[in-house]
Amino acid sequence: RRVIINLANNAREVLEPGGNFTIHAALSDKLILQFTDDGPGIPLEIKDKLFQPFATHGKSSGTGLGLAMVRQIVEAHGGSVTCESPAVDGRGARFVVEMPVR
């Protein structure tokens, strides 16, 4: 639940009015969750440290711990999380969480 909340809140904080945020789920031998928004995307100066504690950029609030927590939780359950930016038409971000099915 915390993973979904953190990723959704990050998208909400950067989306402009009328922006889009979607969650797509698929299940096979693993659970795959894709979180996609059409916001401004991930700035290059933070992209390499995105999942490190205190990495933040351009938000009026936040500690920079949300994505570090996401990674820690997902990896503690044997999964992985990645980010693609830009995600859609040169904008936005897509976070992909893959978790084993037990």
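Note that the coordinates shown come from a computational prediction; the quantities given were computed from them, not determined experimentally.
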*Donor-acceptor contact below 3.5 Å, side chain Arg91 vs main chain Asp38*: yes
*Can you list the residues that meet the side chain to side chain contact (heavy atoms under 4.5 Å, CB included) rule with Ala68, with sequence neighbours excluded?*
Pro53
*Reported CE-to-CG distance for the pair Met99 and Leu31, which is rounded to 0.5 angstrom*: 7.0 Å
*Quick one: does Asn6's side chain have a donor or acceptor within less than 3.5 Å of a partner on Leu67's backbone?*
no
_Reported CG-to-CD distance for the pair Asn9 and Glu13, which is rounded to 0.5 angstrom_ = 6.0 Å
*Heavy-atom distance under 4.5 Å between the side chains of Val97 and Val3, does that happen here?*
yes
*So do the side chains of Val96 and Leu33 get within less than 4.5 Å of each other, counting heavy atoms only?*
no
*Could you pull out all residues at least two apart from Glu98 that satisfy side-chain hydrogen bond (donor to acceptor under 3.5 Å, both in side chains)?*
Lys30
_Rounded to the nearest 0.5 Å, what separates atom CG in Asp37 from atom CD in Glu16?_
10.5 Å
_Distance, nearest 0.5 Å, that separates CZ of Arg12 from CG of Asn10_ = 9.0 Å
*Should Phe95 and Ile4 be counted in the same cluster of Ile, Leu, Val, Met, Phe, Trp and Tyr side chains packed under 4.5 Å apart?*
yes
*Gap between atom CD1 of Ile5 and atom CE of Met69 - 0.5 Å precision*: 9.5 Å
*Okay, side chain of Ser85, backbone of Ala93: is any donor-acceptor separation there less than 3.5 Å?*
no
*How many angstroms lie between atom CZ of Phe51 and atom CD of Glu75, to the nearest 0.5 angstrom?*
9.0 Å
*Should the ring pair Phe21 and Phe35 be called parallel, tilted or perpendicular, given that the plane angle runs from 0 to 90° and is split at 30 and 60?*
parallel
